[in-house]
Amino acid sequence: MRTDEALWCVVPAAGHGRRFGSEVPKQYMPLAGQPLILRTLERLAAHPRIAGLMVVLAEGDTAWAGIDTMDGKPVLTTLGGAERADSVLAGLRALPGDVSADAFVLVHDAARPCVRAADIEHLVVRASVGEGGLLGAPLRDTLKHADAGGHSCGTEPRDGRWRAFTPQMFRRGALSDALTQALADGVAITDEAMAMERAGMTPLLVEGSEDNIKVTTRADLALAEFLLPRTR
Ligand SMILES: Nc1ccn([C@@H]2O[C@H](COP(=O)(O)OP(=O)(O)OP(=O)(O)O)[C@@H](O)[C@H]2O)c(=O)n1
Ligand SMILES: C[C@](O)(CO)[C@H](O)COP(=O)(O)O
């Protein structure tokens with residue numbers, strides 16, 4: 001990948017935030033005075049390598065701000081689907097025609113507003129040498145296996161286990177094909193790297209900051225308020 005090659009970023013934002021438990025989908029909850037999603041888009045658009053944002057919205061989303069640029073970068077939208085993988089695939093398909101099948105594309109959760117520019121840079125530089133990769137961090141807690149009664153019935157090995165974050169970066173065509181195949185196979189795909197692994201790839205794991213949190217619960221939103229100004 002040429003070092004000056006601009007990247008589009010697909011931003012899946014079509015979830016309903018069930019674990020967050022509010023009428024307002026979590027991507028529209030206020031974060032430092034703005035809807036959370038706009039904080040994420042601001043963070044992404046500020047990165048010099050990112051050429052444009054493809055935001056994937058839920059059917060019937062009435063809260064979207066309707067912006068078409070952010071920090072001088074184009075912001076396009078399309079509609080997502082029932083699962084995250086459906087939404088990411090829709091976003092890939094809706095990218096502008098001049099984004100070739102071989103072009104690298106980033107995918108970043110709308111629910112991760114604290115992503116650091118340095119981590120994005122680190123991912124792009126390291127993962128573009130091969131066929132793509134993802135930000136993550138080695139598991140640092142002990143992982144327990146819970147039984148139906150909520151008791152620990154086993155301890156999972158921690159060695160070689162990582163937590164996956166986003167952005168994840170893959171070539172547009174290869175990722176589209178991998179997601180299409182996984183969906184056709186009826187496999188529940190929770191991140192893009194999983195689809196690429198099923199296609200036989202071993203995506204590069206690039207260690208990123210643990211404060212690149214995904215806002216899933218209300219407690220996460222409070223943490224994001226604390227982290228946002230400290231992760232610029
Ligand atoms: N069908 C879906 C499901 C999720 N997402 C997006 O994928 C990201 C990560 O998903 P998650 O944190 O699970 O969000 P929700 O699915 O909204 O949360 P929940 O599982 O609690 O409903 C979010 O930005 C979410 O909007 C999406 O675009 N399309
Ligand atoms: C993509 C992801 O953020 C990596 O950890 C995570 O898999 C998203 O899962 P979710 O259930 O869609 O939040």
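In this chain, numbering begins with 1 at the start of the sequence shown.
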State, yes or no, whether a side-chain contact exists between R172 and S100 at a heavy-atom distance under 4.5 Å.
-> no
Value for CZ (R126) from CG (L205), rounded to nearest 0.5 Å, stands at 9.5 Å
Could you tell me whether the side chain of H151 and the main chain of G149 form a donor-acceptor pair under 3.5 Å?
-> yes
In the single-linkage hydrophobic clustering (I, L, V, M, F, W, Y; side-chain heavy atoms under 4.5 Å), do L106 and M194 co-cluster?
-> no
With sequence neighbours left out, write down each residue that passes side-chain contact (heavy atoms from CB on, under 4.5 Å) with A127, or none if nothing qualifies.
-> L123, M169
Heavy-atom closest pair (S22 atom, R218 atom, distance to 0.1 Å) is CB-NH2, 3.2 Å
Would you check if there is a donor-acceptor pair between the side chains of Q181 and D177 at a distance under 3.5 Å?
-> no
Might you confirm whether atom CD of E225 has over 12 heavy atoms from other residues, nucleotides or ligands at distances under 6.0 Å?
-> yes
Check the pair T155, H145 against side-chain contact (heavy atoms from CB on, under 4.5 Å), reporting the backbone distance first and the verdict last.
-> CA-CA 6 Å; T155 297; H145 187 177; over 6 Å; no
Is there a donor-acceptor contact under 3.5 Å from the side chain of D68 to the main chain of V75?
-> no
L135 versus G208, closest heavy-atom pair with distance | CD2-CA, 4.2 Å
Can you tell me if S87 uses its side chain to pair, donor with acceptor, with the backbone of G81 under 3.5 Å?
-> yes
Distance in Å, F170 CZ paired with E192 CD, rounded so as to fall on 0.5 Å steps | 7.5 Å
Do NZ/NE/NH1/NH2 and the carboxylate oxygens of R49 and E121 come within less than 4.0 Å?
-> yes
Has R230 got its NZ or CZ under 6.0 Å from the middle of the six-membered ring of F226, at an angle within 45 degrees of the ring axis?
-> yes
K26 (side chain) donor-acceptor with V215 (main chain) under 3.5 angstrom | yes
Please check if any side-chain donor atom of T231 sits under 3.5 Å from a side-chain acceptor atom of R43, or the reverse.
-> yes
Shortest non-hydrogen contact between P113 and L228, atoms and distance = O-CD1, 3.5 Å
So, for K144 and S152, which heavy atoms are closest and what is the spacing to 0.1 Å?
-> CD-OG, 3.3 Å
Would L95 and L7 show up in the same hydrophobic cluster when neighbours are defined by side-chain heavy atoms closer than 4.5 Å?
-> no
Is there a side-chain hydrogen bond (donor to acceptor under 3.5 Å, both in side chains) between S209 and N212 once you walk through the steps?
-> CA-CA 6 Å; S209 313; N212 176 14; over 6 Å; no
Output for pair (L139 CG, W162 CH2), nearest 0.5 Å, gives 11.5 Å
Same hydrophobic cluster for L92 and V56, using side-chain heavy-atom links shorter than 4.5 Å among ILVMFWY?
-> yes
Can C9 and M54 be said to form a side-chain contact (heavy atoms from CB on, under 4.5 Å), step by step?
-> CA-CA 6 Å; C9 185; M54 170 58 72; over 6 Å; no
With sequence neighbours left out, the residues meeting side-chain contact (heavy atoms from CB on, under 4.5 Å) with R140 are A137, P138, E207, E210
SG-CG distance between C114 and L31, expressed to the nearest 0.5 angstrom = 6.5 Å
By side-chain contact (heavy atoms from CB on, under 4.5 Å), which residues pair with A101, not counting sequence neighbours?
-> none
Is I120 close to V115 at the side-chain level, that is, under 4.5 Å between some pair of heavy atoms?
-> yes
So do P25 and H16 actually touch side chain to side chain, heavy atoms under 4.5 Å?
-> no
For A195 and L179, the nearest pair of non-hydrogen atoms, with its separation, is CB-CD2, 3.8 Å
Note, M201 side chain near E197 side chain (heavy atom, < 4.5 Å) | no
Supply the atom-to-atom distance T166 OG1 to D109 CG, rounded to the nearest 0.5 angstrom.
-> 4.0 Å
Would R84 and D191 pass as an ion pair if we require N to O under 4.0 Å?
-> no
If Ile, Leu, Val, Met, Phe, Trp and Tyr residues are connected whenever their side-chain heavy atoms lie under 4.5 Å apart, and connections chain through other members, are V99 and L76 in the same group?
-> yes
Do L36 and P30 touch side chain to side chain, with heavy atoms closer than 4.5 Å?
-> no
Is a donor on one side and an acceptor on the other found under 3.5 Å between the side chain of D185 and the backbone of V187?
-> no
Would you call K214 and D220 a side-chain contact if the rule is heavy atoms closer than 4.5 Å?
-> no
Mind running side-chain contact (heavy atoms from CB on, under 4.5 Å) on F165 and R112 for me, showing each step along the way?
-> CA-CA 9 Å; F165 303 150; R112 289 184 187 267; 3.7 Å; yes
Kindly indicate, with the supporting measurements, whether the criterion side-chain contact (heavy atoms from CB on, under 4.5 Å) is fulfilled by F104 and V124.
-> CA-CA 9 Å; F104 278 111; V124 172; over 6 Å; no
Side chain of K73, backbone of A46: donor and acceptor closer than 3.5 Å?
-> no
Between E156 and R161, does at least one N-O distance fall below 4.0 Å, as a salt bridge requires?
-> no
To the nearest 0.5 Å, how far apart are CE in M70 and CD in E42?
-> 5.5 Å
Which residue, V10, T180, I189, L175, forms the side-chain contact (heavy atoms from CB on, under 4.5 Å) with L89?
-> T180
Any salt bridge between R116 and D211, counting N to O under 4.0 Å?
-> yes
For the hydrophobic clusters of this structure (ILVMFWY residues joined by side-chain heavy atoms under 4.5 Å, transitively), does one cluster hold both L221 and V11?
-> yes
What's the shortest heavy-atom distance between A85 and L183, and which atoms?
-> CB-CD2, 4.0 Å
